[in-house]
Amino acid sequence: MTAFFQSYGIPFEAAWLLSTVIGILLIALPLMLAVAMIIYADRKIWAAMALRRGPNVVGPFGLLQSFADGLKVFLQETIIPSAANKGLFLIAPIITFTVALLAWAVVPFDVGVVLADINVGLLYILAISSLGVYGIVIAGWASNSKYPFFSAMRASAQMISYEVSIGFILICVVLWAGSFNLTTIVESQKGYYGFLNGNGFNPLLFPMAVMFLISAMAETARAPFDLTEAESELVAGYQTEYSSMAFALYWLGEYANVILMCALNAILFWGGYLPPVDWAPLYIVPGILWLFAKILFFFFVFSWVKATVPRYRYDQLMRLGWKIFLPVSLFFVFLVSGFLMLTRYGG
């Protein structure tokens, strides 16, 4: 795109800035629309599983329900508790929302269709996703209220616990692909057994794919791991004192993170923008459509789990993270590296 603008006589610096801003808007604006639609899809899936109808009044089939909800919160008054730390109270939802968008910079939608094709893309995502906890912790502390504070402590412990196992799971993928670059990781998944695309078909990496999916649910605080906003215990968790657009930013950030985790499941283990089968006619379909189809499938799994699985107790959540996922993922790091040393690097 930079070369396209340069062909019109625009200097390189200005052309690069213009193309970068357009690239950011091409990701951020559809993502905001996707969040609105995915909330609608979430509610429809829950409704179907509980034999209800879900949103069906605003717009055809209730499609405009999310926009009506957005307009409602936009028109509400922003109330700041008198004892709250005003500056931190307002900046916390902005941090959550911004961090949720930043990670999308390195996600490849097709070959070459990526905002920043950096060689440490996976490391960047790991660093950015770990910043998300700050928005929640700051919100809990700045609210100057007991329940949000309890929620913030739960959130920080939960996110740190599962990030450790996610880190080891990603090491397995990086060892197999030989790169931190997400495009290279996707391309390395071609041709398992001569016709399948995806690390998930690899017996050494399939258990990691399952663990990554469960850890992604815990990392985004989705059910059954939504201990941060357990309404029977904490009213609404860290966002109890929030109203208006500050509350909406948390929702947008949460769902943007959920879509990101669905995208990472697809990219790291199920071939990303590659078709599931390595068959020439399937490559006619644009890669971005394959990626979207996989994201939607994983989002359905997230909603399915939320609608059917009861919430974990906090001690069960911690036991799963530290006593099961951590040792198993560490064992698989040794297993994958040992296998590669014997086969790929043995000579």
Exercise. Nearest heavy-atom pair of Y124 and L102: which atoms, and what distance?
Worked result: OH-O, 2.9 Å
For this session: May I have the step-by-step check of side chain to side chain contact (heavy atoms under 4.5 Å, CB included) for F201 and F206, ending in yes or no?
Result: CA-CA 6 Å; F201 300 111; F206 177 73; over 6 Å; no
Exercise. Does the side chain of N181 come under 3.5 Å of the side chain of D117 through a donor N or O and an acceptor N or O?
Worked result: yes
Problem set entry | Between T2 and S19: side-chain donor-acceptor atoms closer than 3.5 Å | yes
Exercise. Does the T220 side chain pair with the main chain of A216, one donor and one acceptor, at a distance under 3.5 Å?
Worked result: yes
Problem set entry | Mutual orientation of the aromatic rings belonging to F225 and Y162 [parallel < 30°, tilted 30-60°, perpendicular > 60°] | tilted
Exercise. To the nearest 0.5 Å, what is the distance between CG (L71) and OG (S66)?
Worked result: 12.5 Å
Problem set entry | Point-to-point distance, once rounded to the nearest 0.5 Å, from CD1 of I166 to CG of L126 | 7.5 Å
Problem set entry | Plane angle bin for W251 and Y255 - parallel if under 30°, tilted between 30 and 60°, otherwise perpendicular | parallel
Problem set entry | Y134 side chain reached by V137 side chain, heavy atoms, under 4.5 Å | no
For this session: Kindly indicate, with the supporting measurements, whether the criterion salt bridge (Lys or Arg N to Asp or Glu O under 4.0 Å) is fulfilled by R154 and D226.
Result: CA-CA 10 Å; R154 279 184 175 194; D226 53 343; over 6 Å; no
Exercise. Between E187 and Y273, is any side-chain donor less than 3.5 angstrom from a side-chain acceptor?
Worked result: yes
